[in-house]
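All heavy atoms count here, side chains included; hydrogens, waters and symmetry mates do not. Naming convention: chains lettered A, B, ... in sequence-line order (proteins, then strands); numbering from 1 in each chain.
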Amino acid sequence: MHLIKALKARVINIAVDEGLTDNLQRVAVELPRDASHGDFATNAAMVLAKPAKRNPRELGALIAERLAEDPLVEKAEVAGPGFVNLTVANSALAEVARSALDGEAFTALARTDAPQRINVEYVSANPTGPLHVGHARGAVVGDSLASILALRGHQVTREYYINDAGAQVDILAHSAYLRYREALGEEIEVPAGLYPGTYLKPVGDALAKTYGETLRDMDEIEWLPIVREASIEAMMDAIRADLALLDIRHDVFTSERKLQRPVDLVARAIETLRGAGYVYEGTLPRPKGAVEDWEDRVQTLFRSTDFGDDVDRALQKADDSYTYFASDIAYHADKIERGFERLIDVWGADHGGYVKRMTAAVKALSHSRVPLDVLLCQLVKLYRSGEPVKMSKRAGEFVTLADVVEEVGADPVRFMMLYRKSDAPLDFDFTAVTEQSRDNPVFYVQYAHARCASVKRQAADSFGPELLNELDGADLAVFSDPAERSLIILLAQWPTVIANAADASEPHRVAFYLNDLASGLHSLWNKGKENAGLRFVNADDRNSTLSRVALVEGVRSVLSSGLAALGVQAPDEMR
RNA sequence: GGCCCCUUAGCUCAGUUGGAUAGAGCAGCGGACUUCUAAUCCGCAGGUCCAAGGUUCGAAUCCUUGAGGGGUCGCCA
């Protein structure tokens with residue numbers, strides 16, 4: 001049962017009965033900040049009173065009176081400026097605990113009535129080298145968001161855009177060619193401007209093995225396409241392998257080059273926009289910042305200022321080739337054509353200046369029908385025992401994603417990347433994330449799951465394994481202790497948490513919720529030490545054990561579903 | 001200088017989309033281990049929600065102005 005949804009429906013029904021239909025969408029059933037106010041509270045009287053010109057306290061009293069008659073509700077009273085505080089009936093809590101036993105079905109309560117086809121594009125790192133830690137954040141955020149949207153009932157495609165058309169892949173090819181010559185026995189020196197990383201050595205070796213010396217005798221115009229192709233392929237293989245370390249897999253890889261060949265989709269997209277009046281030939285104003293050798297030039301421009309951007313944006317370079325922006329327009333046009341109703345791009349913070357022009361382009365292409373949401377992930381700063389870890393990209397020394405996963409494991413990387421709003425910078429301390437303590441939320445949540453599994457093992461030891469098959473029939477109306485009640489109310493929020501995290505594109509909410517749920521479980525566990533009646537496993541009382549193990553199993557299944565949404569393991573033991 | 005993001009307890013951060021007396025963890029202090037793994041829990045203490053205005057029944061949250069920090073600023077990607 002989706003308790004919060006059910007309560008809200010009751011409140012709305014009462015409002016409609018009373019003829020209060022203005023402002024209905026603002027009615028909410030929430031948790032009161034102060035637990036002494038009851039299990040839930042609704043603001044209905046306050047938001048509905050004004051348009052109806054009624055007194056919020058009186059209206060609240062009326063809503064409370066009607067709600068108190070509902071079987072879900074034990075007690076309802078008006079308080080403060082017009083809140084209606086609800087204490088729910090034990091039978092309603094029992095329903096929640098029962099629903100939670102089937103984790104999959106319980107999570108499915110989060111499904112929306114209006115599913116959409118959503119494209120989530122993330123990582124999209126240039127295929128010029130292995131992924132570094134900075135990429136890991138966007139990768140994890142995008143992947144988990146996609147999972148959460150799927151739990152919400154949307155049809156999600158996970159996509160990677162390969163930037164394989166710009167000058168950077170030629171630089172890559174030249175760098176790999178150098179490694180190829182090195183593999184043939186030449187002394188080489190990597191000049192400034194090429195990629196110095198040794199990760200290209202295997203590419204050079206492979207080229208030497210496949211082509212022998214034939215590439216060395218070719219003109220650049222001949223070897224370049226061959227080496228470029230091989231290098232991009234090798235780099236994409238490396239990137240896919242890096243992502244697999246975090247269990248991240250994309251459904252679709254779209255190549256920037258293939259947007260131009262065999263059919264020039266970029267030209268087509270530009271012409272579409274030109275037809276709609278958004279593309280023109282013109283000159284850009286000189287930027288305010290100090291720009292040397294600025295010269296006015298007539299270029300093909302996109303009218304992003306029509307959508308609130310600061311200046312219009314260039315679509316072609318001086319040599320008439322397309323800008324990155326132009327192919328990105330074609331790419332997003334392609335996504336729209338493929339029928340997605342909502343687009344989400346996960347980018348690094350350094351692309352912040354690019355958001356306005358891209359959302360502008362998507363509005364122009366889709367006639368404002370397809371929303372594009374861009375999630376900007378702020379920087380990740382690495383620490384070791386509180387000391388910053390130095391990185392120098394110029395020298396080709398950076399901490400790779402693979403290094404980090406190898407050192408601390410995939411679970412801490414994934415959880416910590418999600419344990420922060422994505423638009424806030426993140427400090428990642430190698431030492432802290434491997435600690436096994438309350439201070440480390442990854443461990444804390446996993447330990448809660450392991451503890452649940454341990455309780456089940458203990459119960460099976462005391463009463464035999466068949467007890468675990470009887471959980472469906474347990475009496476779940478026995479929970480009256482505040483700690484038990486608040487744990488079930490926490491469970492009741494799970495479908496709402498998923499819905500809110502999906503609708504707001506904020507996967508971190510799931511991580512924080514799991515931390516709260518773990519805390520509720522640990523707390524109740526310890527209460528059992530003072531009060532034997534609250535112990536999960538009580539060897540003298542089979543019925544009590546059955547009820548409480550059923551509650552624990554509900555918690556376990558929600559922890560398990562939540563961790564799965566974040567891509568983190570839910571271990572049964574942690575010795 | 002323009003644009004975007006951030007500013008909440010000593011530190012690191014949440015804050016349920018505008019709700020009641022602003023919450024966690026860490027650090028500090030005081031407690032609970034013949035246990036269901038204490039890898040945990042309970043309590044105390046800690047606040048000008050960056051500042052000033054505004055919007056309304058009600059603001060950490062929305063608007064304006066300002067301060068500090070970060071990112072970015074014709075054709076790179």
Could you tell me how far [M] sits from [N] if I compare only their [atom1] atoms? Round to whole Å.
| N | M | atom1 | value |
| --- | --- | --- | --- |
| A59(B) | G66(B) | P | 24 Å |
| A60(B) | A52(B) | C1' | 16 Å |
| G47(B) | G68(B) | P | 27 Å |

Kindly say if [X] contacts the phosphate of [N], meaning a side-chain N or O under 4.0 Å from OP1 or OP2.
| X | N | value |
| --- | --- | --- |
| Lys527(A) | C42(B) | no |
| Ser437(A) | A39(B) | no |
| His508(A) | G15(B) | yes |
| Lys421(A) | A14(B) | yes |
| Lys529(A) | G31(B) | no |
| Ser519(A) | A24(B) | no |
| Tyr322(A) | A77(B) | no |
| Gln458(A) | U37(B) | yes |

Would Lys527(A) and Glu484(A) pass as an ion pair if we require N to O under 4.0 Å?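 The answer is no: the pair does not qualify as a salt bridge.
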Give me the ring orientation class for [X] and [Y]: parallel if the planes are under 30° apart, tilted from 30 to 60°, perpendicular past 60°.
| X | Y | answer |
| --- | --- | --- |
| His351(A) | Tyr354(A) | perpendicular |
| Tyr324(A) | Tyr161(A) | tilted |
| Phe443(A) | Tyr447(A) | parallel |

Ring of Phe302(A), cation from Arg313(A) - is the NZ or CZ under 6.0 Å from the centre and inside 45° of the axis?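 Cation-pi check for Arg313(A) and Phe302(A): fails.
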OH-NE2 distance between Tyr195(A) and His174(A), expressed to the nearest 0.5 angstrom: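 So the OH of Tyr195(A) and the NE2 of His174(A) are separated by 12.5 Å.
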Give RNA chain B the dot-bracket treatment, 5' to 3': Watson-Crick (N1-N3 with N6-O4 or O6-N4) or G-U (N1-O2, O6-N3) under 3.5 Å, [ ] crossing, | other strand. (((((((..((((.....[...)))).(((((.......))))).....(((((..]....))))))))))))....
Using the closest heavy atom to pick a nucleotide of RNA chain B for each, name whichever of Val455(A) or Asn43(A) lands nearer the 5' end.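 Closest to the 5' end, via its nearest nucleotide, is Asn43(A).
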Nearest-nucleotide wise, let me know which of Leu376(A) and Ala41(A) is further upstream toward the 5' end of RNA chain B.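 Looking at the nearest nucleotide for each, Leu376(A) comes out on the 5' side.
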Classify the nucleic acid contact of Ala349(A) as base, sugar-phosphate or nothing, counting any heavy atom under 4.0 Å across all strands shown.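 The residue Ala349(A) makes sugar-phosphate contact but no base contact.
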Of the options U72(B), A20(B), A39(B), whose atoms approach the side-chain atoms of Met574(A) most closely?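 The answer is A39(B), which lies nearest to the side chain.
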Any idea which of U40(B), U37(B), C4(B) is nearest the Lys356(A) side chain?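 Out of U40(B), U37(B), C4(B), the nucleotide with an atom closest to Lys356(A)'s side chain is C4(B).
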Suppose we call two aromatic rings close when their centres sit under 6.0 Å apart. Are Tyr122(A) and Tyr160(A) close by that rule?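 Judged by ring-centre distance (under 6.0 Å), Tyr122(A) and Tyr160(A) do not meet the cut-off.
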Please classify U12(B) as syn or anti, treating any glycosidic angle within 90° of 0 as syn.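 Anti, since the glycosidic angle lies more than 90° from 0.
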Phe83(A) ring over G19(B) six-membered base ring, under 5.5 Å and 30°: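 Stack criterion not met.
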How about Asp411(A) and Gln446(A): does a side-chain donor come under 3.5 Å of a side-chain acceptor?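 Looking only at side-chain atoms, Gln446(A) and Asp411(A) do form a donor-acceptor pair, the distance falling under 3.5 Å.
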A20(B) base / Asn85(A) side chain donor-acceptor hit below 3.5 Å: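 Side chain to base: pair present.
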How close or far is atom C1' of U12(B) from atom CZ of Arg420(A), stated in whole angstroms?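 About 6 Å, once rounded to whole Å.
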